[in-house]
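See structure below.
Because the structure is predicted, anything quoted here is derived from the model rather than measured. Order of appearance sets the numbers: ligands from 1, and atoms from 1 within every ligand. Only heavy atoms go into these numbers, but all of them, side chains included; no hydrogens, no water, no symmetry mates.
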Amino acid sequence: MEIQKGRVVGMHYTLRNEEGEIIDTSEGREPLQFLQGYGNIIPGLESELEGKKLGDALDVVVEPENGYGVRHDQLIQKVPREAFQVDDLQVGMQFQAQTEQGPVPIRVVSIEGEEVTIDGNHELAGVRLHFAVSIESVREASEEELAHGHVH
Ligand code: ZN
């Protein structure tokens, strides 16, 4: 059975960055299950999987535009430390910033004295993604899964 919109795919994957470091992998876990064609995985990977079959293994390179997006410098900002209501603020901490566009996840990327630099870019924004994928299962989705747009 081929992968196409409305089918549920189980896949093992390993995601590496441009330097070959593993960012994420399903190794040691159950295969990732997702409903093809509903934007449940990044578009650059979803489009490459279309038409593949059970047992196929493939390497996919996804450009940032089709992955987690490009980096936007304006999402990097300096804010006063007092804007955070935590005692032991540390680099790497994540928060939800309340903005006019709704809550946005941000990360603390540096702390210099009273000045804190935050980054609202996705951690993988601007990163060229290297996926190694193997297709472990393909099945028709249930009516309910199609109605919801995701796997149950
Ligand atoms: Zn549901």
Side-chain angles (χ1 to χ4, degrees), residues 1-77 79 83-86 89-109 116-152:
M1 183 180 281
E2 284 186 2
I3 295 174
Q4 63 181 49
K5 183 172 181 174
R7 287 180 175 164
V8 173
V9 181
M11 71 172 181
H12 273 304
Y13 69 93
T14 296
L15 170 59
R16 291 185 174 82
N17 62 15
E18 199 77 341
E19 288 73 42
E21 297 160 344
I22 294 178
I23 296 169
D24 189 17
T25 179
S26 63
E27 203 172 304
R29 304 198 301 254
E30 293 293 306
L32 174 71
Q33 306 272 332
F34 66 92
L35 179 59
Q36 172 78 0
Y38 287 76
N40 291 305
I41 61 173
I42 58 168
L45 184 56
E46 187 168 62
S47 61
E48 287 295 318
L49 291 174
E50 187 79 12
K52 299 295 185 294
K53 306 181 299 296
L54 176 67
D56 281 354
L58 59 155
D59 292 315
V60 179
V61 179
V62 177
E63 300 298 330
E65 294 78 7
N66 295 317
Y68 292 96
V70 297
R71 291 190 70 82
H72 295 288
D73 288 343
Q74 67 268 30
L75 294 178
I76 300 170
Q77 292 178 8
V79 295
F84 297 87
Q85 278 130 18
V86 290
L89 191 67
Q90 286 172 21
V91 170
M93 281 182 164
Q94 304 203 18
F95 297 90
Q96 295 282 335
Q98 303 304 324
T99 73
E100 287 171 11
Q101 285 79 40
V104 172
I106 56 153
R107 276 174 302 129
V108 173
V109 292
V116 179
T117 304
I118 58 170
D119 188 348
N121 287 291
H122 189 283
E123 250 176 299
L124 294 176
V127 177
R128 213 160 170 247
L129 306 167
H130 296 254
F131 286 94
V133 171
S134 63
I135 308 305
E136 306 294 325
S137 63
V138 184
R139 66 166 170 85
E140 298 290 354
S142 68
E143 298 271 324
E144 199 184 18
E145 287 172 324
L146 291 173
H148 288 200
H150 57 234
V151 172
H152 283 174

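Using a 30° and 60° split on the angle between ring planes, H148 and H150 fall in the perpendicular class, above 60°.
For the residue pair S134/H12, the side-chain donor-acceptor check at 3.5 Å is not satisfied. Counting only N and O atoms by type, the side chains of N121 and Y68 include no donor and acceptor under 3.5 Å apart.
Residues R128 and E65 are not paired through a salt bridge, judged by the lack of any N-O separation under 4.0 Å between the basic side chain and the carboxylate.
Sorted by first and then second residue, the side-chain hydrogen bond (donor to acceptor under 3.5 Å, both in side chains) pairs involving residues 39-56 (not counting sequence neighbours) are Q36-E50.
For the Zn ion (ligand 1), the count of nearby protein N, O or S atoms, meaning those under 2.8 Å away, is 3.
Contact between M11 and S26 at its shortest, heavy atoms only, is O-OG, 4.2 Å.
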